[in-house]
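Below: the structure, in C-alpha cells.
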Amino acid sequence: MKIDAIDEKSVLVELSKEDLEKRRITYEELDYANERTKNLVRNILETIRLETGKAVLCCSSLEVEVMPDSFGGCLMIFKQGKENAGDETEQTTVFFSENINNFIDSARALKNLEAKEQSGSLYRADGTFFLLVSGCCGKKRCVLSEYLDEASFDEARLNSLREYGECLIEKDALTVLSA
C-alpha cells in the first residue's frame, strides 16, 4: 500500500493486486455494503493516521473515490468534506447544466428518494441553467451531483447571477421540476 497526500484534505492510496489479495478482496467486490470493504476502509484510514498524522480524514463527511489500475490493484482517493455542518447549511450551493432535462431528472430522483427539502431557485444566464440551493448536503448533494455539475460561487458572483440572470423558478424549483 502506497499513501500520498494530495493536499490538506485529500489522500491518494494505491493498493496493489497483492495488497488486495492479502485482504482477500478484489476491486470488483469493493462495495460499502460488504463488511470486508468496510474493514479495508477503516484499516486504510488508520494507516493514513499512523503514517501521516492526518486524523483530519476522520470527519463526519468523507468521500471515497475508487478506480481500478491496469495491474489488478486499485487507486482510492479519500477527500475530507466540510467539518462543520452548521457552516454548510448557511452556504448556497450552485449546480449548473446547459440541458434543462438534467435538472428535471435530478429533481425526480430526489422525489423518489423522498428527500425532505425540495427547494432551490432556477436561473438561466448565457445559455446555461443554474440551480441555487441553500444547505445542500448529504444524500441530496450526492443525487444532484450525479446529474449536474457543481460550481463554486462567491457572494459577489451569486448576487450577479441573481441580478442579471433570468429567474425561471424563484422558490421550490426542485418541487416544480419533479412534477
Side-chain angles (χ1 to χ4, degrees), residues 1-98 102-103 105-106 109-110 113 115 117 120 128-158 161:
M1 177 175 10
K2 182 179 174 190
I3 299 171
D4 290 312
I6 297 171
D7 57 33
E8 279 299 312
K9 295 185 178 190
S10 304
V11 174
L12 170 68
V13 176
E14 296 178 47
L15 294 169
S16 67
K17 182 178 179 181
E18 293 76 25
D19 290 328
L20 292 174
E21 287 172 352
K22 191 180 343 178
R23 290 166 176 85
R24 295 185 295 183
I25 196 165
T26 64
Y27 168 77
E28 291 78 17
E29 296 171 318
L30 290 174
D31 178 356
Y32 204 70
N34 178 326
E35 194 59 38
R36 285 184 291 165
T37 301
K38 290 178 186 178
N39 289 333
L40 175 65
V41 169
R42 282 191 287 265
N43 176 269
I44 290 171
L45 289 173
E46 180 63 14
T47 303
I48 290 170
R49 187 185 67 74
L50 292 172
E51 288 189 15
T52 67
K54 286 185 179 260
V56 294
L57 293 175
C58 300
C59 67
S60 60
S61 175
L62 181 67
E63 181 182 322
V64 181
E65 186 177 338
V66 183
M67 57 207 101
D69 71 13
S70 54
F71 304 107
C74 68
L75 303 173
M76 299 178 90
I77 299 174
F78 294 86
K79 296 179 185 176
Q80 176 185 348
K82 300 225 184 263
E83 291 179 34
N84 185 345
D87 290 345
E88 191 167 2
T89 58
E90 301 295 320
Q91 185 177 356
T92 299
T93 305
V94 179
F95 295 95
F96 68 96
S97 176
E98 291 180 357
N102 293 341
F103 291 92
D105 292 342
S106 65
L110 280 171
L113 289 174
E117 290 183 37
T128 301
F129 296 93
F130 297 90
L131 177 68
L132 283 58
V133 184
S134 295
C136 186
C137 59
K139 191 179 284 188
K140 184 176 185 178
R141 185 179 209 142
C142 290
V143 170
L144 290 171
S145 294
E146 286 181 35
Y147 294 89
L148 307 166
D149 293 313
E150 189 173 335
S152 178
F153 276 35
D154 60 14
E155 200 59 37
R157 193 165 174 205
L158 272 173
L161 177 63

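Using a 4.5 Å cut-off on side-chain heavy atoms (C-beta onward), Leu131 and Val94 make no contact. Leu132 has its side chain within reach of Phe130: a pair of non-hydrogen atoms, C-beta onward, lies under 4.5 Å apart. Taking the side chain as every heavy atom from C-beta outward, Leu15 and Cys74 approach each other to under 4.5 Å. Contact check for Val13 versus Lys2: no side-chain heavy atoms found under the 4.5 Å cut-off. Two residues are said to be in side-chain contact when any heavy atoms from C-beta on lie closer than 4.5 Å; Thr47 and Arg42 fail this criterion. Put simply, the side chain of Met76 does not reach to within 4.5 Å of the side chain of Leu12, judged on heavy atoms. Residues Thr26 and Leu20 form no side-chain contact, since every pair of their non-hydrogen atoms from C-beta on lies 4.5 Å or further apart.
How far CG of Leu161 is from CZ of Arg157: 8.5 Å, rounded to the nearest 0.5 Å. Residue Asp149 holds its CG atom at 10.0 Å from CZ of Phe95, rounded to the nearest 0.5 Å. Rounding to the nearest 0.5 angstrom, the gap separating the OG1 atom in Thr37 from the CG atom in Leu30 is 4.5 Å. From Phe129, atom CZ reaches atom CG of Leu148 across 11.5 Å, with rounding to the nearest 0.5 Å. Taking CG from Leu75 and CD from Glu14, the interatomic distance works out to 5.5 Å, rounded to the nearest 0.5 Å. From Leu144, atom CG reaches atom OG of Ser106 across 5.0 Å, with rounding to the nearest 0.5 Å.
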Can you check side-chain contact (heavy atoms from CB on, under 4.5 Å) on Ile77 and Met67, steps first, answer last?
-> CA-CA 9 Å; Ile77 299 174; Met67 57 207 101; 3.8 Å; yes

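With sequence neighbours excluded, the residues satisfying side-chain hydrogen bond (donor to acceptor under 3.5 Å, both in side chains) with Ser97 are Asn102. Glu29 is linked by a salt bridge (Lys or Arg N to Asp or Glu O under 4.0 Å) to Arg36, counting only residues two or more places apart in sequence or in another chain. Asp31 meets the side chain to side chain contact (heavy atoms under 4.5 Å, CB included) test with Ala33, Asn34; sequence neighbours excluded.
Evaluated for a side-chain contact (heavy atoms from CB on, under 4.5 Å) with Ile25, the options Arg23, Glu28, Lys22, Glu21 yield exactly one hit, Arg23.
In Arg24, the CZ atom is not crowded: 12 or fewer heavy atoms of neighbouring residues, nucleotides or ligands sit closer than 6.0 Å.
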